[in-house]
Undergrad: 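First the structure, then my questions, so here it is.
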Amino acid sequence: MSFTSIPILDLDLARHPETKPAFLDQLLHALMEVGFLYLKNVGISDELFGQVIHKGKAFFDIPLEEKLKIEMKNANSFLGYSRLSAEMTAGETDHREQIDLSTEHPVPAAGSPPYRNLVSPNQWPSETHAPGLRAAYAEYMRRMGDMSIYFTSLIAEAIKLPRDAFSKYFDEDQQHKLKIVKYPDMAELGLAGRGHGAPGQGVGPHKDSMLTSYLLQATPHRGLQVQNVRGEWIDCPPIDGTLVVAIGQGMEALTQGVCVATTHRVLSPAAGSGARFSIPFFQGVKLDADFDDLETVGVGKVPDEVRQLRNKVVERTGGRMDDVEFTFRKGAAAKTLGEATLRNRVKSHPDVGERWYPDILKAIREEQAAAKAKLASPTHSSNGRVVPAAVEAH
């Protein structure tokens with residue numbers, strides 16, 4: 001039987017020798033069976049969480065002309081402000097407005113590979129219009145970066161690997177990313193009362209790409225849903241004092257499938273319920289990592305006892321759904337994680353791709369057209385769906 005709810009784990013249990021084994025057992029279950037979990041007592045103060053939520057929501061009240069000064073397409077880093085409905089997932093428009101930020105880094109050195117443009121300075125809103133936002137978010141990203149690397153060491157221990165098994169995939173000054181996201185309700189989107197019986201797409205079905213991500217649900221709205229292996233959508237409602245942790249495709253690849261990356265989506269809020277706000281943090285990894293290393297070396301051999309436990313889960317649940325494109329796959333178009341990440345960002349933000357990476361965008365569109373033609377061919381037979389995936393997209 002597949003999961004029907006999302007487990008809640010207490011990170012404080014991992015900090016004490018007498019309770020850590022029980023925490024690791026709970027974590028192993030969540031990694032193999034669900035790929036999602038709630039995490040409480042993460043070590044960040046309620047005061048900082050409160051500042052992040054308050055200043056994040058206030059950002060969207062800034063005049064549009066000020067937000068457009070830091071629009072994403074103004075830079076080749078994919079950092080900055082995105083207008084409502086400027087991003088795509090699963091081939092459809094996402095109805096959300098957002099700003100993408102990262103831990104601060106200098107401009108890449110001249111002659112660096114194009115994907116190094118992703119590691120660049122932020123486009124911050126002015127202090128006049130967003131007082132205190134930069135300071136609050138710089139501190140939050142620093143704290144979250146430290147916590148995410150600690151949590152990744154616990155994942156390693158849970159699957160019986162050395163706690164530093166993932167360390168080689170982090171730069172000394174690792175870049176982590178974050179979004180502040182507003183999902184307008186169906187009335188604000190103009191989708192209420194016009195024959196739209198289906199819910200709006202806040203974000204379409206996707207899997208996160210890297211190792212782990214951590215979502216702060218900043219309003220009480222439901223909307224986040226996780227798909228189990230039977231194709232059922234399981235609600236992941238906000239729970240006070242928790243972050244929602246999603247396992248990424250990178251973690252799945254590095255653990256030879258023991259840790260599962262799970263498909264999820266966000267539905268637009270119901271008409272009259274107001275906007276939903278969320279703040280996802282995405283743990284970064286070394287963009288120079290080569291796919292040959294990821295596929296043949298990995299973090300080391302996961303013990304047979306753990307792999308057998310995962311095999312039993314697959315047997316019991318009848319396998320898993322794999323209808324979302326896998327980012328961590330070697331191919332002619334991408335030989336490193338950085339190249340694959342850049343392609344995915346161009347796919348998700350074609351307006352940025354049009355301006356800064358037209359050759360990559362052209363290649364992606366040709367591939368998509370070829371795939372569409374193949375699906376339309378009368379000789380093509382498939383039991384699944386082909387869904388182009390975006391990454392880092394709560």
Side-chain angles (χ1 to χ4, degrees), residues 8-15 23 27 30-31 35-57 59 77-79 98-105 118-122 124 130 132-156 163 166-167 169-181 208-219 224 236 238-248 250-251 261 264 277-287 341 391-394:
I8 303 172
L9 275 66
D10 185 348
L11 189 57
D12 196 48
L13 297 179
R15 301 186 179 105
F23 175 87
L27 179 56
L31 294 170
F36 259 71
L37 58 105
Y38 292 98
L39 194 63
K40 64 181 183 179
N41 292 322
V42 298
I44 294 177
S45 69
D46 290 341
E47 179 183 6
L48 182 55
F49 275 131
Q51 290 179 11
V52 165
I53 291 172
H54 173 71
K55 295 183 184 300
K57 291 167 70 174
F59 167 78
S77 61
F78 293 89
L79 298 172
Q98 65 190 29
I99 180 171
D100 285 60
L101 302 170
S102 79
T103 47
E104 201 69 41
H105 286 77
L118 300 174
V119 185
S120 294
N122 285 297
W124 293 101
L133 182 145
R134 180 171 183 168
Y137 273 85
E139 175 64 10
Y140 182 68
M141 286 188 283
R142 184 187 69 81
R143 298 290 301 274
M144 285 296 298
D146 291 344
M147 189 278 291
S148 69
I149 290 175
Y150 169 60
F151 187 72
T152 303
S153 76
L154 295 173
I155 291 176
R163 64 174 302 157
F166 298 101
S167 296
Y169 300 110
F170 300 122
D171 289 316
E172 184 175 344
D173 184 20
Q174 180 61 54
Q175 183 201 42
H176 305 287
K177 293 186 177 181
L178 174 146
K179 293 177 185 282
I180 313 171
V181 189
D208 290 351
S209 68
M210 300 298 186
L211 300 187
T212 56
S213 57
Y214 304 80
L215 175 66
L216 174 59
Q217 300 196 77
T219 51
L224 175 61
C236 192
I239 297 178
D240 289 342
T242 69
L243 298 172
V244 177
V245 182
I247 301 305
M251 184 66 73
H264 51 287
F277 294 87
S278 70
I279 304 162
F281 173 92
F282 305 97
Q283 180 185 47
V285 295
K286 186 180 296 186
L287 295 179
T341 301
V391 296
E392 302 178 351
H394 282 279

Undergrad: Distance from T103 atom OG1 to F281 atom CZ, nearest 0.5 Å?
TA: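 That separation rounds to 7.0 Å.
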
Undergrad: Any salt bridge linking D146 with R143? Criterion: basic side-chain nitrogen under 4.0 Å from a carboxylate oxygen.
TA: no

Undergrad: Mind checking whether Y169 and M251 have side chains closer than 4.5 Å, heavy atoms only?
TA: no

Undergrad: List the atom of C236, the atom of V244, and the distance in Å for their closest heavy-atom pair.
TA: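 Answer, listing the atom of C236 first, then V244: SG-CG1, 3.8 Å.
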
Undergrad: What is the distance from atom CG of L39 to atom OG1 of T212, rounded to the nearest 0.5 Å?
TA: 10.0 Å

Undergrad: Could you check F23 against L11 for side chain to side chain contact (heavy atoms under 4.5 Å, CB included), going step by step and ending with a plain yes or no?
TA: CA-CA 8 Å; F23 175 87; L11 189 57; 4.0 Å; yes

Undergrad: Using the ring of each side chain (for Trp, its six-membered ring), is Y214 parallel, tilted or perpendicular to F151, with breaks at 30° and 60°?
TA: perpendicular

Undergrad: Given the rule in the side chain to side chain contact (heavy atoms under 4.5 Å, CB included) test, do Y140 and Q51 qualify, once you have shown the distances and angles that lead to the verdict?
TA: CA-CA 9 Å; Y140 182 68; Q51 290 179 11; over 6 Å; no

Undergrad: Quick one, Q98 and F59 - any side-chain contact, counting heavy atoms below 4.5 Å?
TA: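 Result no, sub-4.5 Å side-chain heavy-atom pair not found.
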
Undergrad: What pairs of donor and acceptor atoms, side-chain ones from residues 40-48 against any protein atom, are under 3.5 angstrom apart with sequence neighbours left out?
TA:
| unit_1 | atom_1 | unit_2 | atom_2 | d |
| --- | --- | --- | --- | --- |
| N41 | ND2 | D10 | OD1 | 2.8 |
| N41 | ND2 | D10 | OD2 | 3.3 |
| S45 | OG | L48 | N | 3.1 |

Undergrad: Of all heavy-atom pairs between A136 and K55, which one has the smallest distance, and what is that distance?
TA: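 Between these two residues, the closest heavy atoms are CB-CD, 4.1 Å.
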
Undergrad: Rounded to the nearest 0.5 Å, what separation is found between the NE2 atom of H105 and the CD atom of Q175?
TA: 6.0 Å

Undergrad: S148 and Q283: which non-hydrogen atoms are nearest, and at how many Å?
TA: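 Residues S148 and Q283, closest heavy atoms: O-NE2, 3.1 Å.
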
Undergrad: Quick check: does any side chain N or O of T219 sit under 3.5 Å from a backbone N or O of F277, one acting as donor and the other as acceptor?
TA: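 Yes; at least one donor-acceptor contact below 3.5 Å.
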
Undergrad: Report the C-alpha distance between D208 and H264 in whole Å, list the side-chain angles of each, state the deciding distance to 0.1 Å, and finish with yes or no for side chain to side chain contact (heavy atoms under 4.5 Å, CB included).
TA: CA-CA 9 Å; D208 290 351; H264 51 287; 3.4 Å; yes

Undergrad: Can you tell me how far CD1 of I239 sits from OH of Y38, rounded to the nearest 0.5 angstrom?
TA: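 Interatomic distance, Y38 OH to I239 CD1, rounded to 0.5 Å: 4.0 Å.
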
Undergrad: Starting at CZ of F282, measure out to CG of L178 and round the result to the nearest 0.5 Å.
TA: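 Spacing of CZ (F282) from CG (L178) equals 8.0 Å.
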
Undergrad: Might you point out which heavy atoms bring V181 and P280 nearest each other, and give the distance in Å?
TA: CG2-CD, 4.1 Å

Undergrad: Please walk me through it: do F170 and V285 pass side chain to side chain contact (heavy atoms under 4.5 Å, CB included)?
TA: CA-CA 5 Å; F170 300 122; V285 295; 4.2 Å; yes

Undergrad: So which atom in P121 and which in S77 form the shortest heavy-atom distance, rounded to 0.1 Å?
TA: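 Answer, listing the atom of P121 first, then S77: O-OG, 4.4 Å.
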
Undergrad: In Å and rounded to the nearest 0.5 Å, what is the NZ to CE distance from K177 to M141?
TA: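 With rounding to 0.5 Å, NZ (K177) is 11.5 Å from CE (M141).
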
Undergrad: Quick one: does D171's side chain have a donor or acceptor within less than 3.5 Å of a partner on K286's backbone?
TA: no

Undergrad: Between S120 and L79, what is the shortest heavy-atom contact and its length?
TA: O-CD1, 3.6 Å

